[in-house]
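One structure below.
Per chain, numbering begins at 1; letters A, B, ... match sequence-line order.
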Amino acid sequence: MLEVRNLTKIYEGGVLALNQVSFQVPKGQFLAVIGLSGSGKSTLLRCINRLIEPTAGQVIWNGKDITAASPQELRLIRRKIGMVFQNFNLVYRSKVITNVLAGRLGYINPAWSLVGRFPREDIQKAIKQLERVGIADKAYQRADELSGGQQQRVGIARALMQDPEMILADEPVASLDPVLAHSIMRYLEQINKEDGVTVLCSLHFLDLVHRYADRVIALNNGNLVFEGLPQEIDDQKFKEIYGREAERIG
Amino acid sequence: MEEKPKASLWKSLRLGLGIIAILLIYAYGFQVTKVDLAEFRKESRQDSRIRVLRALARPDIFEYDQEEFTVYAPIYVPCPEQPPDFPPPDTSQPHLALSASCGKPNESIQVEGFNFQPNIKGPIFFVPSSDPHDTLALQRGNIETDSQGHFVTVIRLPNRPSTEVQYIKTITRRNVGLPRFSQTAIDTWDKIIETIFLALLATTIGTIFSIPISFFAARNLMKDIKSSLTSIALAALGWPLGIAIGLAAARWLQSLLAKWSDQIAVSLLIVLGAALIGYLLLRWAVFGVSREEEGLSMKLLRSLAQSVSILAWIIACFALSQAGVKGGFSLASRLGSFAFLGNFIGQVSDVITVLLPTAVALGGGAWLGNLGGQIGTKWNDSLPSRAVKALNSLLSALAGATLFALCGWGIGWLYETKDIRLFLYSPAVIGATLGILLALFIPSKQPLPIGLVIYTITRTILNAVRSIEALIMAIVAVIWVGIGPFAGVLALGLHTIASLAKLYSEQVESILPGPIEAITATGATRLQMIVYAVLPQIIPPYISFTMYRWDINVRMSTIIGFAGGGGIGFLLIQNINLLNYRAASTQMIAIAIVVSAMDYLSSAMRERFV
Ligand SMILES: Nc1ncnc2c1ncn2[C@@H]1O[C@H](COP(=O)(O)OP(=O)(O)O)[C@@H](O)[C@H]1O
Ligand SMILES: [Mg+2]
């Protein structure tokens with residue numbers, strides 16, 4: 001159970017990116033976060049694992065206040081929260097397997113990790129995750145030799161290595177073409193349904209929301225403007241979320 | 001409409017004034033730089049230009065063994081009463097025939113030579129002595145034989161009247177055998193090797209130090225590091241205290257181990273024992289830690305084991321360096337032509353001996369500083385606001401007083417004053433006041449951007465160091481460690497640290513932020529984040545910059561000798577000062593070859609890495 005209470009973020013320079021946002025996500029839910037670009041989706045997701053330090057408000061996860069955690073506690077919390085990014089955020093000069101193994105950094109002995117040694121179980125696990133996303137044969141190639149869709153699968157495998165209880169996906173398919181987008185979304189769906197991992201996923205296209213999400217929240221200019229089921233978004237709501245001029249396509 | 005002519009008048013006026021100003025600037029420039037073509041055209045200048053050019057065109061690289069022929073013929077000056085009657089020369093050998101067997105001073109006589117080496121040159125002398133091999137000889141001109149080994153020349157007899165027989169003598173030289181490298185070429189080779197290794201060492205030192213420094217000078221890594229005043233003040237107190245403790249401990253250890261400095265075997269035994277203990281404890285306390293929560297007693301036990309392990313490693317290093325100094329130099333005397341290996345072990349150990357106390361002191365500072373910072377964070381988080389404010393005032397007053405007093409003490413030492421009031425007490429009071437003011441004016445729990453402060457300080461120091469030319473640093477280094485390549489290594493090394501750290505930090509600043517956030521999100525520590533997200537992005541450009549810097553350092557090391565810093569420049573400036581242009585030419589050619597080879601090598605290697 002994730003509970004976000006009055007979360008506010010004001011960037012240096014005074015941009016109000018989140019304004020008193022509150023919502024709850026039950027365990028195992030697939031929650032879509034929608035909104036125009038600049039509405040605060042990325043900020044929201046990053047405030048949850050404190051990649052961005054919120055200005056005010058609380059994030060409570062399984063009874064623990066993430067916003068009050070010490071650096072040490074925060075690391076232990078973060079390793080249970082996988083993250084998938086729009087730009088994949090792989091280390092492009094490293095091998096695919098190294099990128100995937102990086103998901104274990106929160107678990108393994110820090111000294112060994114600094115000299116690049118991972119336990120054998122972790123390496124086997126990494127291969128298994130790569131098999132799961134269908135690119136085990138690329139394990140020993142450099143990450144930048146892969147296509148966009150393949151790179152995002154590496155990103156998902158990295159998140160899976162964390163044995164996550166929750167995955168934060170920030171527009172995971174926005175840089176991919178529609179066909180690839182569905183294949184990536186299906187992996188997230190599978191992880192959500194089969195492993196019971198809570199997923200918070202910001203999305204651009206409504207059709208993806210209808211197809212994959214259990215529930216939706218919408219942001220506009222940092223304000224939470226909608227919270228409900230995907231099918232509840234009618235023309236009226238759509239205009240509220242995306243603005244007066246927006247046309248509904250599809 | 002009416003504005004227009006006015007505007008264009010003003011414009012052309014401005015243009016005219018601008019041109020006049022530029023002319024004035026250049027006129028003054030000619031004046032101060034003493035541009036003088038009359039001097040350039042002077043005959044004596046022209047002669048010396050030609051002389052230098054010709055010398056430069058004949059670099060002193062090869063030489064031959066030479067065979068010397070001395071041929072002489074007797075003569076009386078002036079003519080004695082009895083006309084002299086010399087036995088005829090051996091015509092199968094080179095010999096001289098004079099037009100007269102005697103003559104008055106200042107009279108000209110003709111000298112003809114036969115059977116000489118063909119096409120050979122040499123001086124012709126008058127020997128004012130009855131011994132033809134006398135070293136005193138007056139040169140009367142030069143001879144040059146034709147293809148038959150024959151020459152004719154006319155010389156004037158000197159005013160050296162004597163009743164005894166005197167001699168006309170020619171000395172000619174002939175190259176024999178194969179050409180071999182001249183002494184100049186051999187010296188140049190030695191110095192070129194010295195130059196390349198000077199550059200290599202300076203680059204290595206520079207790289208080792210500038211990598212960690214570059215992280216402190218990278219804005220993107222430092223800007224998010226914030227800390228509460230409590231923890232900054234405690235860290236600021238911990239650092240000097242830790243350094244003092246570390247230094248004292250290092251001294252104590254060194255004096256303790258010095259007892260066995262004569263027995264290498266004992267030293268080595270200590271090394272082995274300490275390293276074994278250190279290794280086992282390290283395995284358990286560092287490499288054996290799991291990331292799961294552990295009980296307090298276990299944590300304490302591990303910390304204890306870590307400390308003991310570090311201590312054991314320090315002891316091992318001390319003992320090893322001690323054994324290395326002894327062993328290396330004694331090996332050097334036995335290894336014959338591989339003596340340099342023993343010497344290397346000895347010198348490196350010596351360097352370690354010198355550096356170890358500093359390293360231990362810095363380590364102690366870092367340890368106590370870090371501990372202070374952590375305690376500070378704990379207090380800051382757990383105590384109520386008011387208590388934190390009171391604590392902050394106290395701690396930052398103490399920290400300010402300590403830091404200012406230390407600076408004051410340093411300045412007092414420089415100026416050799418014993419005025420404690422001025423250099424110890426008053427800075428302490430000022431520091432304490434500033435500390436209290438800081439604590440009072442800042443909201444009690446607000447995190448301060450300490451990262452940016454460190455970043456700014458690092459940048460400032462780097463810029464200052466970089467603005468000092470390596471040549472000037474070499475002058476300072478020569479004062480410090482004496483003339484020679486070591487001074488060059490220090491000067492170039494320091495300059496390299498500053499410029500590489502700048503280049504490196506710019507690379508760090510331009511890395512992609514994405515991987516950093518991705519790795520951080522996995523729950524990695526800061527160090528893990530650097531190893532997994534930052535290092536892979538910066539290693540290729542780091543290698544490339546290091547190569548580039550080595551290339552620059554080779555160039556610099558060719559002239560660092562001008563300031564006494566060793567290398568080929570030392571030889572070159574000497575030969576130029578001695579007007580020995582042929583030797584200087586050899587060295588310039590050597591420099592050109594090495595620099596262009598390095599240029600090629602470094603660009604070829606850089607291409608492979610980027
Ligand atoms: N680092 C930052 N500094 C200042 N303003 C920022 C920063 N990041 C984002 N913003 C601003 O915050 C708002 C929300 O941005 P973001 O969370 O990236 O929106 P979204 O992901 O929905 O496109 C935007 O107005 C953006 O300009
Ligand atoms: Mg975004």
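Using bins of under 30°, 30° to 60° and over 60° for the plane-to-plane angle, the ring pair A:F118/B:Y532 lands in the perpendicular bin.
Contact annotation: the side chain of B:T520 approaches that of A:R78 to within less than 4.5 Å [non-hydrogen atoms, C-beta and beyond]. Contact check for A:R79 versus B:T522: no side-chain heavy atoms found under the 4.5 Å cut-off.
Closest heavy-atom contact between A:A111 and B:V286: CB-CG1, 3.3 Å. Summarising the geometry of A:A102 relative to B:I519, their closest heavy-atom pair is CB-CD1, 3.6 Å, with the distance given to 0.1 Å. When every heavy atom of A:R158 is checked against every heavy atom of B:A518, the shortest pair comes out as NH2-CB, 3.3 Å.
Residue A:E12 touches chain B through its side chain alone, counting heavy-atom pairs closer than 4.5 Å. Looking at A:N87, there are no atoms closer than 4.5 Å to chain B (heavy atoms on both sides), in backbone or side chain. For B:K226, the part sitting under 4.5 Å from any heavy atom of chain A is the side chain, from C-beta outward, and nothing else. Residue contact with chain B, scored on non-hydrogen atoms closer than 4.5 Å, involves the backbone of A:L90 exclusively. With a 4.5 Å cut-off on non-hydrogen atoms, A:R104 does not touch chain B at all. Only the side chain of A:R46 has a heavy atom closer than 4.5 Å to any heavy atom of chain B. Contact of A:F88 with chain B is not made at all, since no heavy-atom distance falls under 4.5 Å.
In the displayed structure, A:K80 atom NZ is contacted under 6.0 Å by more than 12 heavy atoms of other residues, nucleotides or ligands. More than 12 heavy atoms of other residues, nucleotides or ligands lie within 6.0 Å of CZ in A:F23, so this atom counts as buried by the packing criterion. Heavy atoms of other residues, nucleotides or ligands lying less than 6.0 angstrom from CZ of B:F215 number more than 12. Remark: A:K128 NZ is loosely packed, at most 12 non-hydrogen atoms of other residues, nucleotides or ligands lying under 6.0 Å away. Residue-environment remark: CH2 (B:W284) exceeds the threshold of 12 foreign heavy atoms within 6.0 Å. Shown here is A:Y92, whose OH atom has more than 12 heavy atoms of other residues, nucleotides or ligands within 6.0 Å.
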Item checked: Derivation of the side chain to side chain contact (heavy atoms under 4.5 Å, CB included) call for A:F85 and B:E517 -> CA-CA 10 Å; A:F85 303 85; B:E517 99 180 314; 3.6 Å; yes
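Using modelled atom types, one finds a donor on one side chain and an acceptor on the other under 3.5 Å when comparing B:Q528 with A:S113.
When each of A:Q162, A:R117, A:M83 is checked for heavy-atom pairs under 4.5 Å with chain B, A:Q162 comes out on top.
The closest donor-acceptor contact from the side chain of A:N49 to the backbone of B:A521 lies at 3.5 Å or more, if one exists at all.
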